[in-house]
There are 2 protein chains.
Amino acid sequence: MRKDAASTIYHLVRSGQAQTQRDIEQETGLSRGTATQRITELLEAGLLTEGPSRPSAGGRPARGFAINPDYRNLVGVDMGERLGRACLFDLSGQILDQCSFDLDLRADPQVTLAQIAGAAADLDRSSARTAPVAALGLSVPAPLDVATGRVAMPSVMYGWDNLDIREALGRMTGLPVAVDNDVNLLCLAEHRLNWPQCRNFAFIKIGTGIGCGIMVGGALLRGASGTAGDLGHIQHGLQPAPLCRCGKQGCTEAHAAGWALARDLRGQGFDCQDARDVMELWLRGEPEALQALNRGSRVLGKVSADLVAMLNPEVLVIGGQLARAGEAMLAGVRELIYQRCLPLATQQLTIALASNTEDLGVRGAAFLAMEQIPIQPA
Amino acid sequence: MRKDAASTIYHLVRSGQAQTQRDIEQETGLSRGTATQRITELLEAGLLTEGPSRPSAGGRPARGFAINPDYRNLVGVDMGERLGRACLFDLSGQILDQCSFDLDLRADPQVTLAQIAGAAADLDRSSARTAPVAALGLSVPAPLDVATGRVAMPSVMYGWDNLDIREALGRMTGLPVAVDNDVNLLCLAEHRLNWPQCRNFAFIKIGTGIGCGIMVGGALLRGASGTAGDLGHIQHGLQPAPLCRCGKQGCTEAHAAGWALARDLRGQGFDCQDARDVMELWLRGEPEALQALNRGSRVLGKVSADLVAMLNPEVLVIGGQLARAGEAMLAGVRELIYQRCLPLATQQLTIALASNTEDLGVRGAAFLAMEQIPIQPA
DNA sequence: CTGCTTCTGCATAATATTGGGCAAAAGATC
DNA sequence: GATCTTTTGCCCAATATTATGCAGAAGCAG
């Protein structure tokens, strides 16, 4: 019960649900005396600090508390398609240090894991001057069975099946490890950074592929086998129906993903391989690129409308490489959602672009670790 | 804490999560002594009874507990489009008594509420011989803002806007009241009756209209404004795109709902007004009716596939009037889901027909009341 | 029948928590 | 500056909970 209360208070304060002793008493149901005691303990341990007082509401202003960002550090690692990125975070989510390494997802998983562990060790050394590293969070570019820590769709990451990533990486680094899918972690980061109070949240990533993370009541929705939010392979009736890399025809991805737009632009004579190239053409002002983005935007709008009808989110965020096109990408999404969904559902809806595209993945990994792994007060 | 523990144990036992003292100790985290004490209290109060012992696992068999179904009764009310149905339940969910009344959703809400309160009063009298009525659950055929107890889309139930149904009905009956949308309650009932362990569950109702309830982690997913699961008005690219009663074109409903199939059959010279008539023609073996159902089934399959891709449920149940066609309705759903969704998502998926079509609505209302309203041991 | 295991009841000492009462601090209001 | 409100600290008696040991009950395996 004792440690439990500490962890509960930690999370209440961290998530912003409680800032004063009063808040903590109400949220936990503890009595005044007990709350005072717990808080004192956490202050003495150094996990909590006094934060800014809440402005008075007619009486004595409440003393505010905050997490001491320097009590522990965390490592977040984002496995990209070609590049791995590892960052050191304090408990406030600030990036303290970072490093990158080349990644080959077709290589022997043990090699890749060793690279990750190596980066973590580097950051751990760098962290030694400030605070000990308490946990490692990892973003994996494939569907995961979070319960077992294994890759759920080995086809994408060949050779990773039956490898318990969490366990293996934990053994190699000596740290508690939290793992999740990249899209889920982008979703988590965007929620925590910009929409922390939103209880029905969705994040669509449109980059080289298309994916989606969903949060309900502050937690990620994963589904029975970890594939929830798979709107990249929802099929449309649009003609012609291009072949998708999943083998079916007419998937959202085959119309709108970065690889599909690149394919179309190649057909128009451009040298264009992936989402990044598409964006480059767009930045150069090529009208064909803008046209492709507009087309993609409206296809994305269709699945977005389906998503809004089905889940009735409060906030829908569009992120990923192609979202750097900003309004050009949002236009079709807005159009189709407002055209197709119930006013009742759209009244409450905010549609926005993701912030901070560079760091979002690692940040998500850090948030995951922060939230899944209990802080040891010892 | 005291009452809280009682309520916690009650729910653990009721939901089947705990049957023995050992289970209760583990699930609640209470110590043996405390658990013994609580259980004794609840046994003495009459809320718990000794149930069947769990078979021995090598030693003394554990004493099983169960809810005493006769400790309290509940009233469930289902507002249909033309008929209201009220049932008296014991705590095991058995129907003890029932009554019906004509309903006109366009009438003055106060009149309708009075009818409901009247039916509840009748059942309360009938209940007096056994146990006191502890709560009333109500199924409303319109989207609801469950937080405030108000109808969210007044267009469907004209005159009901700004009426706090829960509060009003509570005042009229003197009972604590729980309210929810009809589709959500069908979903709840089906889950509790047949798939209680399933953590990712979806229920599609295809009757005169089309709607869907979603459960995540044992709780209904309502969305930001209570419209989650609205797949009746997801639009398809199918040509021709018939006009929907919502004013848009090509909605799922406009292709596949009972009213749409009835419209098509009228066009073929049949006298057919709603889902019930469609089913009658089908039962008579009219080939046109079967053809219409097949067509509807495949359209339903499309949105079902979208749903499965988006939410990755473990179980998908199809219910409502048209689901009485059984395999004729399931065929298209199965076909399109297996054709369009990832094997990873469909491996885990069970697709089934709803049970017990007649009572499902009232049963759901009773479950809602049972779960939302704490039992007073006094 | 005998030992083994599991489940339960009971008693007790050691802790923990609650709920008040009282006082003081720190700002708002007039 | 006086009074009010809200927040907090501290103390204490009354309860509640936990961990623990012991004993008995009830079935299983040999």
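In what follows, chains carry the letters A, B, and so on, assigned in the order in which the sequence lines appear, proteins first and then strands, with residues in each chain numbered from 1. Computed from heavy atoms alone, side chains included, the values below leave out hydrogens, waters and symmetry copies. Predicted model, so just to flag it, every value in this text is computed and none were measured.
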Side-chain N or O of A:Arg22 closer than 4.0 Å to phosphate OP1/OP2 of D:dT7 = yes
For B:Thr34, the side chain to side chain donor-acceptor pair (under 3.5 Å) test, sequence neighbours excluded, returns B:Ser31
Parallel, tilted or perpendicular: which describes the rings of B:His191 and B:Phe201, with under 30° parallel and over 60° perpendicular?
-> perpendicular
Partner set under salt bridge (Lys or Arg N to Asp or Glu O under 4.0 Å) for B:Glu25, not counting sequence neighbours | B:Arg22
All side-chain contact (heavy atoms from CB on, under 4.5 Å) counterparts of B:Ser15, not counting sequence neighbours | B:Gln17
Using the C1' atoms of the five pairs at each end, what is the angle between the end axes of the helix from C:dC1-D:dG30 to C:dC30-D:dG1, to 10°?
-> 30°
Please name all residues satisfying side-chain contact (heavy atoms from CB on, under 4.5 Å) with B:Ser92, sequence neighbours left out, ordered by chain then number.
-> B:Pro69, B:Asp90, B:Gln94
Which pairs, with at least one residue in residues 217-226 of chain B and sequence neighbours excluded, count as a side-chain hydrogen bond (donor to acceptor under 3.5 Å, both in side chains)?
-> A:Asn312-B:Ser225, B:Asp180-B:Arg222
Out of C:dT8, D:dA16, C:dT18, which has the shortest distance to the side chain of A:Leu30?
-> C:dT18
Can you name the side-chain contact (heavy atoms from CB on, under 4.5 Å) partners of A:Arg171, sequence neighbours left out?
-> A:Glu167, A:Ala168
Any idea which of C:dT17, D:dG9, C:dG9 is nearest the A:Gln21 side chain?
-> D:dG9
Every protein N/O lying under 3.5 Å from an N/O of nucleotides 12-14 of chain C:
none

With the criterion being N/O to N/O and under 3.5 Å, what pairs connect the protein with nucleotides 20-24 of chain D, and how long is each?
unit_1, atom_1, unit_2, atom_2, d
D:dG21, O6, B:Arg32, NH2, 3.1
D:dG24, N2, B:Arg60, NH1, 2.5

Can you tell me which residue pairs pass the salt bridge (charged side-chain N to carboxylate O under 4.0 Å, His left out) test with a partner in residues 6-19 of chain A, sequence neighbours excluded?
-> A:Arg14-A:Glu371
Residues forming a side-chain contact (heavy atoms from CB on, under 4.5 Å) with A:Asn68, sequence neighbours excluded | A:Thr49, A:Asp70, A:Tyr71
Sorted by chain and residue number, the salt bridge (Lys or Arg N to Asp or Glu O under 4.0 Å) partners of B:Arg166 (sequence neighbours excluded) come out as none
